[in-house]
Amino acid sequence: MPELPEVETIAARLRLGSGDAPPLLGKTITRARLLWERTLVTPGAEEFLARITNQRFREVGRRGKFLIFTLSPDSLLLHLRMSGDIWLEPQTTEVAKHHRLLLELDDGWRLAFNDARKFGRLWLVADPATVLKDLGPEPLDAGFRPNEFYRRLHASRRQLKPLLLDQSFLAGLGNIYTDEALHMAGLHPCTLSDATSLAQAQKLWHSIQEVVREGIRRNGASIDWVYRGGDFQNHFRVYQRTGQPCPVCGTPIQRKVVGQRGTHICPLCQPEPGEG
DNA sequence: CACGAGACCTGTTCGC
DNA sequence: TGCGAACAGGTCTCGT
């Protein structure tokens, strides 16, 4: 489920509260329950449970696809991977099948991490930078500029799609937003990064900005049974639209595999590189 | 350095 | 209806 816009939406809802749930900020953890140990990267389970108890939520943030809970004095980092989600629920709620971590709070609510596929990962650390140090720039950061993007595209020779998915190149894009951005830019996912012109790189930069902003504005995308609350899935241009018409030219969207990921393109708007 | 295969997991959907 | 294959918003490690 979660790429940058989904994680941003989750962070905002936890921070501010949503529906019946109150804001998370200011609550203190009275008890932690780890239901699937492998979710935890560091420290060990015993130390984790002891150390997180009595810490207070001071901020909820995001970096790339990581959720960052600033506690006192530690930080809890969470990566939702493929099927993770996290929300507040009353402590009286029955523990759902795929809950992996419960953080009981001092006001009767609990923070519940739910993750069917068990790919999600947790870190409790003194310094978030130890986990986040290899991440590339934030797409919406004011310091992320088109010319620098062009320079870095040309610093390696890789297919655009796998490069955009590489979190050390750019933080936050996943399969949906990469396919959407490449389509908007009119670039084939197999185009070699150092073969892009300055104009193409600038167009791709703008497309990334636009797609990510639209995703956030629509509270992310809700697909399948995993994530609910977003609307962006109703506005996909190519993602999971195999056989349906391209919104630009009407040509049926094709699905292929690029870098071992399902990839959706318009064969007319995104011509194969090389022959052109 | 760049790429592909396999691993980690469970659930849903599709084809026969 | 049943059953296996394919597929899923991600990332890591290993071999070439």
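Nothing here was measured: the structure is a model prediction, and the numbers come from that model. Proteins come first, then strands; the chains are lettered A, B, ... in the order of their sequence lines, and each starts at number 1.
Applying the 4.0 Å criterion to OP1 and OP2 of C/dT11, one finds that A/H79 has a side-chain N or O inside that range. Between A/R121 and B/dC8 there is no side-chain polar atom (N or O) within less than 4.0 angstrom of OP1 or OP2. Between A/K118 and B/dC8 there is no side-chain polar atom (N or O) within less than 4.0 angstrom of OP1 or OP2.
Here A/F119 does not pack flat against the base of C/dT11, since the 5.5 angstrom centre distance and 30 degree tilt limits are not both met.
Residue A/Y177 is classed as having no contact, given no heavy-atom separation below 4.0 Å to the nucleic acid.
Following rounding to the nearest Å, A/R152 (CZ) and B/dC1 (P) show an atom-to-atom distance of 13 Å. Note: CG (A/L4) to C1' (C/dG10) measures 14 Å, nearest angstrom. If you measure from atom CG of A/D166 to atom C1' of B/dC3, you get 13 Å, rounded to the nearest angstrom. The separation between A/F169 atom CZ and B/dC3 atom C1' is 17 Å, rounded to whole Å. If you measure from atom CG of A/L192 to atom C1' of B/dC3, you get 12 Å, rounded to the nearest angstrom. Per the geometry, CD1 belonging to A/I176 stands 12 Å off C1' belonging to C/dG10, to the nearest Å. Computed from coordinates, the A/R38 CZ to B/dT10 C1' distance equals 14 Å when rounded to whole Å. Atom CG of A/N175 and atom P of C/dA8 are 8 Å apart (whole Å).
Identified under the side chain to side chain donor-acceptor pair (under 3.5 Å) test for residues 115-128 of chain A, with sequence neighbours left out: A/S83-A/D115.
Remark: side-chain polar atoms of A/Q200 are paired, donor with acceptor, to backbone N or O of A/S197 under 3.5 angstrom.
Each of A/Q254, A/K161, A/R255, A/K256 was evaluated against A/T263; a single residue qualifies, A/K161, per the side chain to side chain donor-acceptor pair (under 3.5 Å) test.
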Full working for side chain to side chain contact (heavy atoms under 4.5 Å, CB included) between A/R152 and A/H154: CA-CA 5 Å; A/R152 295 184 63 233; A/H154 280 253; over 6 Å; no
For A/E104 and A/R110, run salt bridge (Lys or Arg N to Asp or Glu O under 4.0 Å): C-alpha distance rounded to whole Å, both residues' side-chain angles, the deciding distance at 0.1 Å, then the answer. CA-CA 4 Å; A/E104 296 178 358; A/R110 72 184 175 213; 5.4 Å; no
Between the protein and nucleotides 11-15 of chain B, which nitrogen or oxygen pairs come in under 3.5 angstrom?
residue	atom	partner	partner atom	Å
B/dG11	OP1	A/K97	NZ	3.0
B/dG11	OP1	A/H98	NE2	2.8

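Taking hydrophobic clusters as Ile, Leu, Val, Met, Phe, Trp and Tyr residues chained together by side-chain heavy-atom distances below 4.5 Å, A/L88 shares a cluster with A/L101.
Remark: A/R151 engages A/E148 in a salt bridge, criterion side-chain N to carboxylate O under 4.0 Å. The existence of a salt bridge linking A/E6 and A/K65 is excluded, since no basic side-chain nitrogen approaches an acidic carboxylate oxygen closer than 4.0 Å.
Here the two rings, on A/F232 and A/Y177, have centers that are under 6.0 Å apart.
In this model, no donor atom of one side chain and acceptor atom of the other lie less than 3.5 Å apart for A/H235 and A/E180. With 3.5 Å as the limit, one finds a donor-acceptor pair spanning the side chains of A/H264 and A/D179.
Between B/dC8 and C/dC3, the two C1' atoms lie 24 Å apart (nearest whole Å). One P atom belongs to C/dC7, the other to B/dG6, and the distance between them is 15 Å to the nearest Å.
Stem analysis of DNA chain C (Watson-Crick or G-U pairs, both distances under 3.5 Å, runs of at least three) returns B:2-8 with C:10-16, B:10-16 with C:2-8.
Taking only side-chain atoms of A/W36, from C-beta outward, the nucleotide of C/dA8, C/dT11, B/dC9 with the closest atom is B/dC9. Here the side chain of A/Q240 is nearest to one of C/dA8, C/dC12, B/dC9, namely C/dA8. For A/M82, whose side chain is taken as the heavy atoms from C-beta onward, the closest listed nucleotide among B/dG4, C/dA8, B/dA2 is C/dA8. In this structure, of C/dC7, B/dC9, C/dT11, it is C/dT11 that holds the atom nearest to the side chain of A/K65.
The residue among A/Q260 and A/R255 whose nearest nucleotide of DNA chain C is located toward the 5' end is A/R255.
For A/Q159 against B/dA2, a side-chain-to-base donor-acceptor contact under 3.5 Å is absent.
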